Chemist: 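One structure is given below, represented as structure tokens, and several questions about it will come after.
As the structure is a prediction and not an experimental result, all values here were calculated from the model. Heavy-atom basis, side chains included; hydrogens, waters and symmetry copies ignored.
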Amino acid sequence: SEHSFPTRRSSDLGVASVLSSSIGNQTKNRYTLLSQDSRMLECFAGDFHDLLSRCKPMITTHSSEGNAEDLLRCISQFESDRGNRIQQSTTLSSITAPLSLIQEVASNAPSQDTSAIIQTLSNAQERFVHSLADFEFIDIHSLASIEDIKEGKVPVGCEYLCQVPPIHYTPKTYIAHLQSIIYYIENYPNYHSVFRDRGPDIHAILAKEGRQVILMRPGTPLTVFEISQPYVAESCREYLLQFSKPPYSKCHGYSERLAMLKSMIQELENL
């Protein structure tokens, strides 16, 4: 539900309820209603709990806090399910990260988790490559600015598994990741890399052919919502598809995409 219902009760202040349609950091064209009518409070709260009771059985929640194995299992299961796929990353996608970058990220994790993280991500990439023979993959990225990369402000996408302070790209590691993406574009016709400007989204969304969706909310701890309800999964896929088309995406042609990435690599090499 888009609505939130924070309430406050006390013998001095009485009852207050707030109804808001805002999601995340949205501030425009969103309404917020404040009421001190106890009947309105009961109505809003009842509506919210009714929606929650319908939505909750459709979602399995995972957290990196004290449960890294369960999180790795969730990712492995998603990668094992073959099918057409679309995803949106908050930066460059983890699935296209070069192995050297994965190893660097994993080396900052607790020693007992290092091998499991490397194994999970390398297995995921192996399944990803095999699936490209039969299934399409739409990979929606947000390219960082040269200045942010230079100043070390761009976090690496797969660092979420390590439960450590974020690791940031250097110009060298960003170049390596861009070269990896170029390799997939040039060698796998079913791989479609889409570039869009960074929006207000703070979540990574992975959707498999209307069957399963993983929503990753970065932070400490990382929270992952796993959705298997077909109608919700299909709605998420349709939501992502709009960003693979104008006016959201840029550089649509094969040659145009490659030229943009190679130009960015040259700029980074010249720093």
Chemist: Apply the test side chain to side chain contact (heavy atoms under 4.5 Å, CB included) to residues I146 and L271: give CA-CA distance (whole Å), side-chain angles for both, the deciding distance (0.1 Å), then the verdict.
Modeler: CA-CA 9 Å; I146 298 294; L271 289 177; 4.0 Å; yes

Chemist: So Y239 and F243, would you call those rings parallel, tilted or perpendicular, with 30° and 60° as cut-offs?
Modeler: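 Plane angle over 60°, so perpendicular.
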
Chemist: Looking only at heavy atoms, which two atoms of P155 and T91 are closest? And how far apart?
Modeler: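 Shortest heavy-atom separation between P155 and T91 comes out as O-CG2, 3.6 Å.
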
Chemist: In terms of ring plane angle, is the pair F137 and Y191 parallel, tilted or perpendicular, where the classes change at 30° and 60°?
Modeler: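 F137 vs Y191 ring planes: parallel.
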
Chemist: Heavy atoms only: give me the nearest A233-Q212 pair and the separation to one decimal.
Modeler: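 Scanning both residues, the minimum pair turns out to be CB-N, 3.9 Å.
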
Chemist: Minimum heavy-atom separation for S180 to A97, with atom names?
Modeler: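 Nearest heavy atoms, S180 then A97: OG-C, 4.5 Å.
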
Chemist: For I185 and S193, which heavy atoms make the closest approach, and how far apart are they?
Modeler: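 Here I185 and S193 meet closest at CD1-CB, 3.8 Å.
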
Chemist: Considering non-hydrogen atoms only, spot the tightest contact between S244 and I138 and give its length.
Modeler: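 Heavy atoms of S244 and I138 come nearest at CB-CG2, 4.1 Å.
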
Chemist: Check salt bridge (Lys or Arg N to Asp or Glu O under 4.0 Å) between K172 and all other residues, then give those that pass, not counting sequence neighbours.
Modeler: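 In terms of salt bridge (Lys or Arg N to Asp or Glu O under 4.0 Å), with neighbours along the sequence ignored, K172 is linked to no residue.
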
Chemist: To the nearest 0.5 angstrom, please state how far the CD1 atom of I86 sits from the CD1 atom of I205.
Modeler: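 Interatomic distance, I86 CD1 to I205 CD1, rounded to 0.5 Å: 10.0 Å.
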
Chemist: Does R82 reach the side chain of F135, with side-chain heavy atoms less than 4.5 Å apart?
Modeler: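 A side-chain contact exists here, since the closest heavy-atom pair is under 4.5 Å.
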
Chemist: Within this structure, what is the CG-CD distance for the pair D139 and Q88, rounded to the nearest 0.5 Å?
Modeler: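 Taking CG in D139 and CD in Q88, the distance rounds to 10.5 Å.
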
Chemist: What's the verdict on side chain to side chain contact (heavy atoms under 4.5 Å, CB included) for T173 and H177, showing C-alpha distance, side-chain angles and the deciding distance?
Modeler: CA-CA 6 Å; T173 55; H177 201 152; over 6 Å; no

Chemist: Parallel, tilted or perpendicular: which fits the ring planes of H141 and F195, with parallel below 30° and perpendicular above 60°?
Modeler: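 Parallel: the ring planes of H141 and F195 meet at under 30°.
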
Chemist: Partners of F225 by ring pair (Phe, Tyr, Trp, His ring centres under 6.0 Å), sequence neighbours excluded?
Modeler: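 By the ring pair (Phe, Tyr, Trp, His ring centres under 6.0 Å) rule, F225 matches no residue at all.
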
Chemist: What pairs of donor and acceptor atoms, side-chain ones from residues 262-269 against any protein atom, are under 3.5 angstrom apart with sequence neighbours left out?
Modeler:
none

Chemist: Between CZ of R85 and CG of L240, what distance do you get to the nearest 0.5 Å?
Modeler: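 Here the interatomic distance stands at 11.5 Å.
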
Chemist: How long is the gap from CD on E79 to CD1 on I95, to the nearest 0.5 Å?
Modeler: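 Those atoms lie 4.0 Å apart.
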
Chemist: Taking C-beta and beyond as the side chain, do L143 and L178 meet within less than 4.5 Å on heavy atoms?
Modeler: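 The answer is yes, as the side chains (C-beta and beyond) meet within the 4.5 Å cut-off.
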
Chemist: For E234 and R237, run salt bridge (Lys or Arg N to Asp or Glu O under 4.0 Å): C-alpha distance rounded to whole Å, both residues' side-chain angles, the deciding distance at 0.1 Å, then the answer.
Modeler: CA-CA 5 Å; E234 183 61 23; R237 189 185 75 88; 2.8 Å; yes

Chemist: Determine whether L92 and Y169 satisfy the following criterion, side chain to side chain contact (heavy atoms under 4.5 Å, CB included), listing intermediate values before the conclusion.
Modeler: CA-CA 10 Å; L92 303 181; Y169 283 102; 3.8 Å; yes

Chemist: Out of K208, E136, E209, which one pairs with N84 under the side-chain hydrogen bond (donor to acceptor under 3.5 Å, both in side chains) rule?
Modeler: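 The passing option is E209.
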
Chemist: Looking at every non-hydrogen atom in both residues, tell me the closest pair between S89 and S142 and how far apart they are.
Modeler: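 Heavy atoms only, the tightest pair is O-OG, 4.2 Å.
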
Chemist: Hey, are the side chains of L215 and L206 touching, using non-hydrogen atoms and a 4.5 Å cut-off?
Modeler: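 No, too far: nothing below the 4.5 Å cut-off.
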
Chemist: Report yes if some heavy atom in the side chain of V232 is under 4.5 Å from a heavy atom in the side chain of V213; otherwise report no.
Modeler: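 The answer is no, as the side chains (C-beta and beyond) never meet within the 4.5 Å cut-off.
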
Chemist: Could you measure the distance from the CD1 atom of I227 to the SG atom of C236? Nearest 0.5 Å is fine.
Modeler: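 Between atom CD1 of I227 and atom SG of C236 there are 5.0 Å.
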
Chemist: Hey, could you give me the NE2/CG distance between H49 and D47, rounded to the nearest 0.5 Å?
Modeler: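 Nearest 0.5 Å value for the NE2-CG distance: 10.5 Å.
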
